[in-house]
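See structure below.
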Protein chains: 2
Amino acid sequence: MKKKPSLKDIAKEVGVSVPLVSYVLGGKGKENRVSDKTAKKIRDTAKALNYRPNLNARSLKTNRTKTIGVILADISNPFFANLARIIEDEAFSLGYTVIFGSSDENIRKFDRVLELLLTRQVDGLIIAPPEGSKNTISQLKKQNIPFVLIDRYFQDLDYNYIVADNFNASMLATEYLIKKGHKRIATIGYNSSLAHYQDRYNGYVEGLKTNGIEEDANLVKRVSNNKLKADMHEAITHLINVNNATAIYFQTNTLAEEGLRQLIGLEKDILAKIDVVVFDQNSTYHFLQNFVPYIDQPIKKMGYYALKTLIEHINNPDLNTSQLKLPAHLEEEGMRKNN
Amino acid sequence: MKKKPSLKDIAKEVGVSVPLVSYVLGGKGKENRVSDKTAKKIRDTAKALNYRPNLNARSLKTNRTKTIGVILADISNPFFANLARIIEDEAFSLGYTVIFGSSDENIRKFDRVLELLLTRQVDGLIIAPPEGSKNTISQLKKQNIPFVLIDRYFQDLDYNYIVADNFNASMLATEYLIKKGHKRIATIGYNSSLAHYQDRYNGYVEGLKTNGIEEDANLVKRVSNNKLKADMHEAITHLINVNNATAIYFQTNTLAEEGLRQLIGLEKDILAKIDVVVFDQNSTYHFLQNFVPYIDQPIKKMGYYALKTLIEHINNPDLNTSQLKLPAHLEEEGMRKNN
DNA sequence: TAATATTGCTTAATCGTTAAAGCAATCATT
DNA sequence: AATGATTGCTTTAACGATTAAGCAATATTA
């Protein structure tokens with residue numbers, strides 16, 4: 001690959017000094033009193049040589065890379081893929097480039113990806129922190145690197161975060177099932193200490209309580225991410241065969257997908273008997289015989305505010321942190337979204 | 001954000017010159033005869049200051065960014081999300097960082113994203129080229145920038161590409177339906193001139209022909225990406241109500257998703273009467289009453305070889321181009337994948 | 001013991017870009 | 001005609017890192 005043209009090459013070609021070329025191409029020709037004639041010559045040969053500025057070199061000077069790092073759990077998970085896409089678009093329109101990394105809910109992978117992004121000199125980060133990453137995150141804070149947590153958060157008010165209001169969303173889901181007449185409402189969540197999952201559980205409990213239903217520990221199942229199939233199988237068969245659950249609230253889209261698949265595997269028409277509510281939309285559900293109500297997270301807003309907050313903090317490091325819990329609503333039958 | 005520590009800061013702290021620090025931290029301490037004592041001091045203060053090398057500065061010197069650009073159609077489309085994830089992992093393990101961009105099948109967006117990636121000095125590119133991008137691609141070639149086309153390609157042997165064998169895959173799909181006894185097999189594809197779509201159409205025609213079935217133009221529908229719903233509706237209703245199609249082969253996952261949704265909307269149990277085969281796996285289909293056979297593309301291999309080829313060409317610009325068509329197979333009932 | 005190696009560092013130059021300061025030549029002013 | 005302002009450029013320095021070349025001081029060899 002032959003060397004790419006630089007300012008120097010243009011300068012040589014035109015017969016002027018390098019800074020002059022920089023001024024013109026940087027749009028600061030006028031204020032640096034470059035003559036129109038020279039400016040034109042510079043612009044013309046820049047085009048002729050197919051010149052492209054070297055953003056790395058520029059970053060070195062300006063100490064800004066105009067790049068942000070985004071660490072999500074898994075970019076092939078539809079929820080995160082959508083989120084990624086929204087962040088990408090928003091960043092693009094603001095002149096920022098995004099580098100993604102997946103943590104796979106694994107601390108060590110998370111740390112390595114983070115390290116990589118920092119070496120790449122990202123101006124800031126948007127992070128969906130995995131379980132156990134609190135320590136790393138607090139290190140980040142200490143180093144004064146701007147970041148915004150997304151989807152997940154820590155109670156700590158030291159950090160910026162943008163999350164859905166998981167607690168209320170869960171209450172909505174639970175109360176929907178209660179209104180449908182269910183008494184034995186089960187819920188399946190991840191075996192995780194992440195605050196937003198706790199919120200989902202707590203919202204479920206609160207939903208039951210405010211409607212005078214006592215929580216039954218047998219109806220609360222927690223499964224592990226790394227043995228999803230087996231745990232889910234046990235959870236579902238127990239709930240249905242032993243504990244007489246008549247409704248199930250799945251706390252995430254991955255749980256819902258696996259759970260629904262297994263439910264239908266047990267009995268094709270099971271959704272006629274068991275009511276289900278799930279967290280997160282999934283185009284999947286359009287194919288089920290019965291519509292499955294779902295919690296619709298404000299992904300677009302989450303992405304938008306995360307980027308907005310991050311950039312504000314990049315531009316003004318002394319800004320106070322901001323915390324945002326965005327309302328999520330329950331999408332019920334009849335309101336099928338068509339886009 | 002206070003300034004990040006640099007080699008200079010370490011040098012000052014330890015009381016040595018900057019290059020010495022560079023040698024030690026770059027693992028070239030021994031060959032540059034740095035004493036063990038000094039080396040240790042350097043490493044210790046590097047750690048103490050939380051030093052991280054500035055990859056941008058390094059790139060400036062080495063003329064290698066260890067970054068590759070990846071332009072896909074839409075990273076929120078499951079097919080591309082999976083591909084992205086595989087490329088990300090593969091690149092990560094090879095010490096490369098990936099910057100993604102979505103073209104949205106739009107030339108102008110494509111050009112802008114490409115321009116952005118080039119200014120970021122990517123070492124090379126993996127590209128799923130949108131319709132009409134041939135010109136841009138040939139410019140890239142002229143500039144000697146290493147790239148590999150993926151998923152889509154141009155006949156031109158000047159370019160590296162890794163694609164599925166769409167022609168044969170389409171034949172498989174068609175012949176499957178023929179074996180099931182169908183005579184009136186329809187196909188729905190995009191209204192696009194992209195070669196891989198042409199291959200899918202041609203494979204369908206060839207499948208019919210080798211089995212003695214004449215192509216019926218009424219059974220071949222093409223829809224537009226930007227008015228998918230309307231076009232699909234017209235296509236489907238015509239195929240079923242007017243043209244007596246008894247089977248439909250959907251040429252992409254997006255077409256399949258919309259098409260199946262509409263089919264089921266027409267009549268819940270329609271898949272009992274109409275046989276369907278689709279391109280690309282989609283977790284979606286697990287929820288259908290009837291299993292839908294699908295063409296399983298070798299996404300993993302595509303990502304792997306794309307990266308391998310790209311890096312070989314980055315390291316050796318004079319290498320001959322390589323073209324690869326990977327076999328895709330038909331996943332039939334009973335072989336339900338469970339991972 | 002004088003020439004030669006080796007050790008352990010430093011200095012200088014460079015990558016592509018930007019920002020500040022400097023300096024002739026021309027123009028305007030009274 | 002002498003002074004000051006403007007025009008149109010150049011020179012210098014810096015960002016953080018790497019690489020080659022240089023140079024004392026000490027150690028080794030004949």
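Naming: A, B, ... by sequence-line order, numbering from 1 per chain.
- The nearest whole Å value for the distance from the CG atom in Leu25(A) to the P atom in dT17(C) is 9 Å.
- The side-chain hydrogen bond (donor to acceptor under 3.5 Å, both in side chains) test with Lys40(B) singles out one residue from Asp36(B), Thr38(B), Asp44(B), and that residue is Asp44(B).
- Counting any heavy atom pair closer than 4.0 Å across all strands shown, Ser22(B) reaches a base atom.
- Ion pair Lys4(B)/Asp9(B) not flagged as a salt bridge, since none of the NZ, NE, NH1 or NH2 atoms sits closer than 4.0 Å to an Asp/Glu carboxylate oxygen.
- Looking at the side chain of Ala57(A), the nearest of the listed nucleotides dG16(D), dT17(C), dT14(C) is dT17(C).
- Taking 4.0 angstrom as the limit, Lys3(B) places a side-chain polar atom (N or O) nearer than this to OP1 or OP2 of dG16(D).
- We find that NZ of Lys61(B) is positioned 7 Å from C1' of dA13(C), with the value rounded to whole Å.
- In this structure, Val18(A) and Arg33(A) both approach DNA chain C, and ranking their closest nucleotides by distance from the 5' end singles out Val18(A).
- Both tests do not hold together for Lys300(B) against Tyr305(B): distance to the six-membered ring centre under 6.0 Å, angle to the ring axis within 45°.
- The side chain of Thr38(A) places an N or O atom within less than 4.0 Å of a non-bridging phosphate oxygen (OP1 or OP2) of dC9(D).
- Between Thr62(B) and Lys28(A), the residue whose closest nucleotide on DNA chain C is further toward the 5' end is Thr62(B).
- Base contact: Pro19(B) has a heavy atom under 4.0 Å from a base atom.
- Checking the phosphate oxygens (OP1, OP2) of dT10(D), no side-chain nitrogen or oxygen of Tyr23(A) falls inside 4.0 Å.
- For an aromatic pair to be called close, the ring centres must be under 6.0 Å apart, and Phe154(B) with Tyr161(B) fails this.
- Counting to the nearest Å, the C1' atom of dG22(D) and the CG atom of Leu20(B) are 15 Å from each other.
- Between dC15(D) and Lys8(B), a contact under 4.0 Å exists linking OP1 or OP2 to a side-chain N or O.
- Between Lys4(A) and dG16(C), a side-chain N or O to OP1/OP2 separation shorter than 4.0 Å is absent.
- When heavy atoms are screened at a 4.0 angstrom cut-off, Ser35(A) is found touching the sugar-phosphate backbone but no base atom.
- The only option from Thr97(A), Thr67(A), Thr65(A) that meets the side-chain hydrogen bond (donor to acceptor under 3.5 Å, both in side chains) definition with Asp123(A) turns out to be Thr65(A).
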